[in-house]
Amino acid sequence: MGLKGKLIASLEVRGGGHSIFDIYHTNTHHVSNISPSIVNHFEIHEGEIVKIGSIVSWNYNEDGKKKIMKQVIESIDPHEKSIKWKVIEGDMLELYSFFAIVTSCEHEWTTWTFEYEKKTEDTPEPLNFLGLNLDITKHIDDHLLKQ
């Protein structure tokens, strides 16, 4: 039996949440250039740049280890500026039987929500991974401010 969990973190962004959403919605392939210390590679396997049903993968570094995550885009709401990604393959599924990520952006905030089910009670909460996503958001915000 797994244990369900939910983590939510919001980060104030100076460049505007709408700009962060635009990066994830239409320029996702640039994230590896903006945050190369964390994201090594982004690839679209099926579909187009972040469209519902698209299958994408990320190669990233966590705790000094190279990891991979393959996701399907479950929903996009351009009015709410949110995207929901469901993990379908990769390192994350070694610890969690289900893992979904929602990123939503408001005027000055970007919020990350993780919904997951741990495979065992000993499985840690995905706090390191949450920290990575917050760091990527900071890198994107800094990048946008330089333009």
Side-chain angles (χ1 to χ4, degrees), residues 1-13 15-32 34-47 49-143:
M1 179 176 120
L3 301 170
K4 292 183 180 182
K6 186 181 226 183
L7 282 177
I8 302 171
S10 293
L11 182 68
E12 185 176 18
V13 289
H18 61 284
S19 297
I20 303 286
F21 175 79
D22 289 343
I23 291 286
Y24 281 109
H25 186 238
T26 58
N27 291 300
T28 318
H29 56 288
H30 290 300
V31 174
S32 60
I34 295 169
S35 189
S37 63
I38 299 171
V39 179
N40 307 117
H41 183 70
F42 172 79
E43 185 173 342
I44 300 168
H45 296 278
E46 291 181 28
I49 296 235
V50 191
K51 301 277 186 196
I52 294 173
S54 292
I55 296 175
V56 301
S57 67
W58 302 83
N59 292 18
Y60 62 99
N61 298 314
E62 183 178 9
D63 292 332
K65 298 176 188 167
K66 293 189 180 285
K67 298 197 175 190
I68 188 164
M69 177 184 304
K70 193 179 241 186
Q71 303 167 314
V72 62
I73 310 305
E74 288 198 325
S75 66
I76 300 171
D77 187 334
H79 300 292
E80 295 292 322
K81 305 254 186 262
S82 69
I83 304 171
K84 183 174 184 179
W85 324 66
K86 179 183 171 191
V87 178
I88 56 173
E89 285 181 29
D91 295 291
M92 192 66 72
L93 294 182
E94 291 177 10
L95 299 172
Y96 305 93
S97 52
F98 171 80
F99 205 96
I101 301 165
V102 177
T103 181
S104 57
C105 304
E106 297 174 41
H107 179 65
E108 295 178 356
W109 295 91
T110 295
T111 300
W112 290 92
T113 303
F114 295 169
E115 298 173 11
Y116 53 91
E117 186 171 346
K118 300 192 278 184
K119 288 188 175 182
T120 69
E121 288 185 26
D122 297 334
T123 300
E125 305 301 327
L127 295 173
N128 286 343
F129 186 67
L130 180 61
L132 288 177
N133 283 277
L134 294 174
D135 287 344
I136 293 168
T137 302
K138 290 175 193 173
H139 294 164
I140 293 170
D141 193 35
D142 290 343
H143 171 79

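The salt bridge (Lys or Arg N to Asp or Glu O under 4.0 Å) contacts involving residues 124-134 comprise Lys118-Glu125, where partners must be two or more places apart or lie in separate chains. Among residues at least two apart or in separate chains, salt bridge (Lys or Arg N to Asp or Glu O under 4.0 Å) pairs with a member in residues 54-65 are Glu62-Lys67.
In this structure, Phe114 CZ and Ile8 CD1 are separated by 11.0 Å, a value rounded to the nearest 0.5 Å. Distance check: Glu117 CD to Thr123 OG1 gives 10.5 Å after rounding to the nearest 0.5 Å. Note: Leu11 CG to Cys105 SG = 10.5 Å, rounded to the nearest 0.5 Å. Atom CD1 of Ile73 sits about 9.5 Å away from atom CD1 of Ile101, to the nearest 0.5 Å. To the nearest 0.5 Å, atoms CE (Met92) and OH (Tyr116) are separated by 10.5 Å.
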Return a table of donor-acceptor pairs under 3.5 angstrom between the side chains of residues 130-140 and protein atoms on other chains or two or more places apart.
unit_1: Asn133; atom_1: ND2; unit_2: Phe129; atom_2: O; d: 2.8
unit_1: Thr137; atom_1: OG1; unit_2: Trp112; atom_2: NE1; d: 2.9
unit_1: Thr137; atom_1: OG1; unit_2: Asn133; atom_2: O; d: 2.9
unit_1: His139; atom_1: ND1; unit_2: Ser35; atom_2: OG; d: 2.5

Distance-only check: which donor-acceptor pairs under 3.5 Å involve side-chain atoms of residues 50-57, not counting sequence neighbours?
unit_1: Ser54; atom_1: OG; unit_2: Glu48; atom_2: N; d: 3.2
unit_1: Ser54; atom_1: OG; unit_2: Glu48; atom_2: O; d: 2.8
unit_1: Ser54; atom_1: OG; unit_2: Lys51; atom_2: N; d: 3.3
unit_1: Ser54; atom_1: OG; unit_2: Lys51; atom_2: O; d: 3.0
unit_1: Ser57; atom_1: OG; unit_2: His45; atom_2: NE2; d: 2.8

Table please: side-chain donor-acceptor pairs of residues 79-88 below 3.5 Å, with sequence neighbours left out.
unit_1: Lys81; atom_1: NZ; unit_2: Pro78; atom_2: O; d: 3.4

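Contact record, Asp141 with Gly15: OD1-N, 2.7 Å, taken as the closest heavy-atom pair.
For the pair Ile76/Phe21, a side-chain contact is recorded, criterion being any heavy-atom separation below 4.5 Å from C-beta on. Counting heavy atoms from C-beta on, the side chains of Thr113 and Ser104 never come closer than 4.5 Å. Put simply, the side chain of Glu121 reaches to within 4.5 Å of the side chain of Leu3, judged on heavy atoms.
Remark: the backbone N or O of Ser37 is paired with a side-chain donor or acceptor of Asn61 at under 3.5 angstrom. Asn59 places no side-chain N or O within 3.5 Å of a backbone atom of Ile68 that could act as its donor or acceptor partner.
By the side-chain hydrogen bond (donor to acceptor under 3.5 Å, both in side chains) test, His18 is found to be paired with no residue, residues two or more places apart in sequence or in another chain being considered. Remark: Phe42 engages Trp58 in a ring-ring contact (aromatic ring centres under 6.0 Å, His included) (not counting sequence neighbours). Applying the ring-ring contact (aromatic ring centres under 6.0 Å, His included) rule to His143 yields no partners; only residues at least two apart in sequence or on another chain are considered. Ser10 pairs by the side-chain hydrogen bond (donor to acceptor under 3.5 Å, both in side chains) definition with Thr111, not counting sequence neighbours. Here Asp142 pairs with Arg14 under the salt bridge (Lys or Arg N to Asp or Glu O under 4.0 Å) rule; sequence neighbours left out.
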Please evaluate residues Asp22 and Asn27 with respect to the criterion side-chain contact (heavy atoms from CB on, under 4.5 Å), reporting the C-alpha separation (whole Å), side-chain torsions for both, the decisive distance (0.1 Å), and the verdict.
CA-CA 7 Å; Asp22 289 343; Asn27 291 300; 5.5 Å; no
